[in-house]
Amino acid sequence: QVQLVQSGGGLVQAGGSLRLSCAASDSTYAMGWFRQAPGKEREFVAAINFTPTTGTTFYADSVKGRFLISRDVAKTTVYLQMNSLKPEDTAVYYCATGVAPGRERRGPYSYWGQGTQVTVSS
């Protein structure tokens, strides 16, 4: 069982930035971020796998070029730097881990964080 603890998030104006963090209780192959807006299904945002060198990153088209996923050297914490935020980025963001290689975008992921609200005002 891997425990995930999220931090960060909050309220920001459009064009602003926020950073989310997710600390895992153990190292895993990959970690990802998902989000769910009111009335919508949960969607993939970004993921990073912990390959021996730099790690491979994956992004949804809607956030590519604005969001940056990274991880610490110990491979137990992942960050999501969100820049140029838009009102449509408003959602509850979840980190996740426990995914098989090659399934980083689609999952399934076995372990989930508690979620954190991100609100972008126009």
Side-chain angles (χ1 to χ4, degrees):
Q1 189 82 4
V2 179
Q3 308 294 327
L4 299 175
V5 178
Q6 298 179 220
S7 60
L11 173 64
V12 66
Q13 288 188 330
S17 298
L18 286 173
R19 190 175 86 152
L20 305 181
S21 300
C22 177
S25 59
D26 199 359
S27 61
T28 57
Y29 164 74
M31 295 179 75
W33 288 97
F34 292 75
R35 67 187 181 187
Q36 188 167 20
K40 295 187 177 181
E41 293 187 353
R42 187 173 58 196
E43 63 176 358
F44 170 78
V45 175
I48 184 168
N49 63 30
F50 299 159
T51 52
T53 53
T54 60
T56 302
T57 57
F58 307 83
Y59 294 97
D61 289 343
S62 59
V63 306
K64 198 174 295 183
R66 299 189 298 122
F67 290 13
L68 178 67
I69 189 170
S70 61
R71 46 87 166 153
D72 69 343
V73 176
K75 304 176 183 178
T76 58
T77 300
V78 65
Y79 306 96
L80 186 67
Q81 178 66 41
M82 304 183 292
N83 302 319
S84 302
L85 282 161
K86 304 175 181 180
E88 50 264 44
D89 294 318
T90 296
V92 177
Y93 284 70
Y94 298 90
C95 67
T97 193
V99 67
R103 302 292 301 180
E104 291 87 346
R105 289 182 181 274
R106 297 191 176 187
Y109 286 73
S110 298
Y111 308 105
W112 293 83
Q114 78 274 21
T116 187
Q117 178 69 45
V118 170
T119 302
V120 184
S121 63
S122 57

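Residue indices begin at 1 and follow the sequence shown.
Note on F44: it does not cluster hydrophobically with V63, by side-chain heavy-atom contacts below 4.5 Å among ILVMFWY residues. There is a path of hydrophobic side-chain contacts, each under 4.5 Å, that joins F50 to W33. Taken together through direct or relayed side-chain contacts under 4.5 Å among Ile, Leu, Val, Met, Phe, Trp and Tyr, F58 and L80 form parts of separate hydrophobic clusters.
Pairing each heavy atom of S62 with each of R35, the nearest pair is OG-NH2, 3.5 Å. S17 and Q81 get closest at one heavy-atom pair: CB-NE2, 3.8 Å. Heavy-atom minimum distance, S122 versus P87: CB-CG, 3.9 Å.
Note that the OH atom of Y109 and the CG atom of L4 stand 11.5 Å from one another [nearest 0.5 Å]. Expressed to the nearest 0.5 Å, how far OG1 of T56 lies from CG of N49 amounts to 4.5 Å. Going from atom CZ of R105 over to atom OH of Y59 covers 10.5 Å, rounded to the nearest 0.5 Å. Taken from OG in S7 to CZ in R19, the straight-line distance is 8.0 Å, to the nearest 0.5 Å. Atom CD1 of residue I69 and atom OG1 of residue T57 lie 8.0 Å apart, to the nearest 0.5 angstrom. Taken to the nearest 0.5 Å, the CD1 atom of I48 stands 5.5 Å off from the CZ atom of R71.
For the 3.5 Å distance criterion, the side chains of Y94 and Q6 fail to qualify, holding no donor opposite an acceptor.
No donor-acceptor pair under 3.5 Å is formed between the side chain of D26 and the backbone N or O of V2. Side chain of T90 to backbone of V120: a donor-acceptor contact under 3.5 angstrom is found. Checking side-chain atoms of S84 against main-chain N and O of R66 turns up no donor-acceptor pair under 3.5 Å.
Looking at heavy atoms from C-beta onward, F34 lies out of side-chain contact with V92 at the 4.5 angstrom threshold. At least one side-chain heavy atom of Y111 sits less than 4.5 Å from a side-chain heavy atom of Q1. Two residues are said to be in side-chain contact when any heavy atoms from C-beta on lie closer than 4.5 Å; L68 and Y79 fail this criterion. Under the 4.5 Å side-chain criterion, counting only non-hydrogen atoms from C-beta, M31 is not in contact with V99. With a 4.5 Å cut-off on side-chain heavy atoms, Y29 and T97 do not count as touching.
Checked for salt-bridge contact, K86 and D89 miss the test: no charged N lies under 4.0 Å from a carboxylate O.
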